[in-house]
Protein chains: 2
Amino acid sequence: MAIIVDKEEKRRLIALSCKGLLLENGIKNITVAQIAKAANIGKGTIYEYFANKDEIVFEIIMLFVEQIQDDLLIAINNNNTLSCREKMEYFMMLVFSEAYKKEFSIYKEFLSIALCSATPDTVAFRVNCHNSFEVILETIINQGIENDELHQNAIAMIPMIRYFHTGLIVDVSIGRVNAHMEIGSFINSIFGNIIYGENR
Amino acid sequence: MAIIVDKEEKRRLIALSCKGLLLENGIKNITVAQIAKAANIGKGTIYEYFANKDEIVFEIIMLFVEQIQDDLLIAINNNNTLSCREKMEYFMMLVFSEAYKKEFSIYKEFLSIALCSATPDTVAFRVNCHNSFEVILETIINQGIENDELHQNAIAMIPMIRYFHTGLIVDVSIGRVNAHMEIGSFINSIFGNIIYGENR
DNA sequence: AATAATTGACTGACGGTCGGTCAAGTAAAG
DNA sequence: CTTTACTTGACCGACCGTCAGTCAATTATT
């Protein structure tokens with residue numbers, strides 16, 4: 001028997017080595033040849049570890065998701081000066097922030113691809129992303145319920161919050177919308193004092 | 001002098017003649033060659049009227065969506081026996097209904113194109129879609145306020161409702177989500193008895 | 001010797017381009 | 001009024017460049 005490489009590990013390595021490439025050029029503008037070069041392997045080798053180009057992109061996006069998750073977790077757990085409300089705002093604004101501008105743009109492209117070719121793999125990947133975020137949202141909301149910032153049943157609003165957020169991502173990309181303002185209004189309505197849209 | 005064709009008219013004609021093709025296969029699975037064949041013109045001629053493939057699809061979509069908007073308005077007005085709550089549910093569900101399957105699919109394709117090429121045209125068009133949506137929603141909500149089904153400030157929730165709806169369109173397309181159930185829960189939460197997600 | 005891993009030349013499909021043809025219109029000449 | 005020469009824009013499809021994905025050949029490991 002020859003060496004058996006850890007496929008999962010190698011996938012990650014390939015993804016890591018072309019993360020920058022993707023951020024810089026976008027999904028549509030990178031080629032598999034470029035990816036192979038950046039990873040210092042032959043193009044054929046790529047296909048030993050990924051079924052197709054989309055899979056590579058997913059793997060890289062997963063890296064971004066993990067990074068954002070870490071960012072969020074730190075903000076939520078190590079920052080007890082923040083109220084639940086502030087944490088929620090931070091949570092919802094993060095992807096729209098300047099710091100994640102490039103990642104946002106890639107995610108947008110991902111949505112675009114997924115919308116017109118929703119293969120089982122794509123769907124599974126997206127559901128996976130959701131779940132990661134819902135876990136964090138749940139933590140925030142539970143904290144809010146504990147210290148009476150939120151009503152018990154706020155936990156049931158998680159999917160609705162996610163739909164809102166997805167819709168906002170779309171509209172910030174396509175429409176003429178200010179994410180910060182919309183999120184502010186939304187959070188106000190969630191936290192009781194419904195002044196949503198007051199200053200539109 | 002040679003003949004001068006009405007470019008705008010011809011664009012429409014080309015778009016119309018490959019409407020079925022788009023509905024049947026989706027943008028990703030049709031080729032420009034196919035479009036040309038369906039329109040009974042040469043491939044090169046296509047590019048006399050459109051800058052690229054996306055533009056063709058966009059033209060088709062514009063034709064479609066205009067019609068959908070009219071339909072929606074009529075559908076809402078023809079159902080005056082319904083309560084505000086029922087109207088709202090009806091309105092939000094409409095695009096997810098079996099009857100609007102094709103239209104839903106087209107709108108999905110539009111979102112896909114717009115997400116990765118937000119030209120002034122696409123943005124303007126989408127803003128236009130928003131406005132139509134909001135106008136209809138406003139009518140429904142005003143009725144609800146009049147007959148005490150809804151609180152005054154419900155009108156301020158219109159943008160939020162729209163984001164929710166857009167997010168739902170995306171998630172129904174890419175995720176594993178039941179539109180009817182989510183809309184039911186959402187409407188419950190809007191109309192006061194927050195049992196959102198009760199039976200998820 | 002056997003098997004795993006790697007590779008880059010190759011292929012087929014597709015979006016977009018370009019040189020060229022043609023029908024319809026104009027105008028000068030007869 | 002015809003005829004002939006000329007102009008123009010619509011139309012075309014062969015061709016081009018690009019790129020995702022394949023595969024036969026090669027190298028590395030045990």
Side-chain angles (χ1 to χ4, degrees), chain A residues 1-18 21-22 24-61 106 109-110 112-114 116-122 125, chain B residues 1-18 21-22 24-61 109 112-117 119 121-122:
Chain A
M1 272 265 274
I3 42 159
I4 297 189
V5 301
D6 181 342
K7 295 250 173 187
E8 211 38 65
E9 183 58 22
K10 188 108 183 191
R11 279 173 67 105
R12 261 188 99 76
L13 282 174
I14 295 173
L16 270 169
S17 56
C18 57
L21 202 61
L22 180 64
E24 230 40 64
N25 303 297
I27 300 174
K28 265 190 172 173
N29 296 314
I30 52 170
T31 66
V32 176
Q34 281 179 303
I35 291 173
K37 201 170 180 183
N40 263 317
I41 57 176
K43 190 174 156 189
T45 312
I46 295 275
Y47 288 90
E48 289 294 318
Y49 299 97
F50 299 95
N52 51 48
K53 187 184 161 184
D54 280 353
E55 257 191 26
I56 312 169
V57 173
F58 292 170
E59 187 77 21
I60 301 172
I61 293 178
I106 300 292
E109 255 187 286
F110 162 68
S112 169
I113 292 172
C116 66
S117 68
T119 63
D121 281 351
T122 325
F125 174 73
Chain B
M1 275 272 268
I3 317 171
I4 304 216
V5 303
D6 181 343
K7 294 249 174 190
E8 210 38 64
E9 183 59 22
K10 186 106 186 193
R11 278 173 68 104
R12 281 175 82 89
L13 281 175
I14 294 174
L16 275 171
S17 57
C18 57
L21 207 58
L22 179 67
E24 215 54 54
N25 306 296
I27 182 177
K28 218 186 170 183
N29 296 312
I30 51 175
T31 66
V32 177
Q34 280 179 303
I35 292 174
K37 201 170 179 185
N40 264 315
I41 57 175
K43 191 175 156 188
T45 312
I46 295 275
Y47 289 91
E48 291 291 322
Y49 299 97
F50 299 96
N52 52 48
K53 188 180 162 187
D54 279 356
E55 257 192 24
I56 312 169
V57 177
F58 184 53
E59 183 77 21
I60 301 173
I61 287 166
E109 303 272 343
S112 172
I113 292 173
L115 272 171
C116 66
S117 68
T119 64
D121 276 355
T122 50

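Treat the numbers as computed from the prediction; the structure is a model and nothing was measured. Hydrogens, waters and symmetry mates play no part in the numbers below; they use all other heavy atoms, side chains included. Below, chain A is the first sequence line, B the second, and so on; all start at residue 1.
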J.: Could you write nucleotides 11-17 of chain C as a row of B, S and -, 5' to 3', where a protein heavy atom under 4.0 Å of any base atom gives B, of only sugar-phosphate atoms gives S, and otherwise -?
T.: ---SBBB
J.: Taking atom C1' of C/dT6 as reference, at what distance in whole Å does atom CG of A/Asn40 sit?
T.: 13 Å
J.: Relative to each other, are the rings of A/Phe110 and A/Phe58 parallel, tilted or perpendicular (30° and 60° limits)?
T.: perpendicular
J.: Taking the side chain as everything from C-beta on, heavy atoms only, tell me whether B/Asn40 gets closer than 4.5 Å to B/Ser17.
T.: no
J.: Does any non-hydrogen side-chain atom of B/Ile35 lie less than 4.5 Å from one of B/Leu22?
T.: no
J.: With heavy atoms under 4.0 Å as the rule, sort A/Phe50 into base, sugar-phosphate or nothing.
T.: nothing
J.: Is the backbone N or O of A/Ile113 less than 3.5 Å from a side-chain atom of B/Lys28, with the two atoms forming a donor-acceptor pair by type?
T.: no
J.: Let me know the distance between NZ of A/Lys37 and C1' of C/dT6, rounded to the nearest Å.
T.: 18 Å
J.: Rounding to a whole Å, what distance do you find between A/Lys7:NZ and C/dT6:C1'?
T.: 11 Å
J.: Testing B/Glu59, B/Arg12, B/Glu55, B/Lys10 for side chain to side chain contact (heavy atoms under 4.5 Å, CB included) with B/Tyr49, which one passes?
T.: B/Lys10
J.: Grab the CD-P distance between B/Glu48 and C/dG19 for me, whole Å please.
T.: 14 Å
J.: Under 6.0 Å from the NZ atom of A/Lys37, do we count more than 12 heavy atoms belonging to anything else shown?
T.: no
J.: Starting at CG of A/Asn29 and ending at P of D/dG17, how long is that distance when rounded to a whole Å?
T.: 20 Å
J.: What nucleic acid atoms does B/Ile46 come within less than 4.0 Å of, heavy atoms only: base, sugar-phosphate, or nothing?
T.: nothing
J.: Rounded to whole angstroms, how far apart are CZ on B/Arg11 and P on D/dA10?
T.: 14 Å
J.: Tell me whether the OP1 or OP2 atom of C/dA5 has a side-chain N or O from A/Thr45 closer than 4.0 Å.
T.: no
J.: Below the 4.0 Å mark, does C/dA5 have OP1 or OP2 next to a side-chain nitrogen or oxygen of A/Tyr49?
T.: no
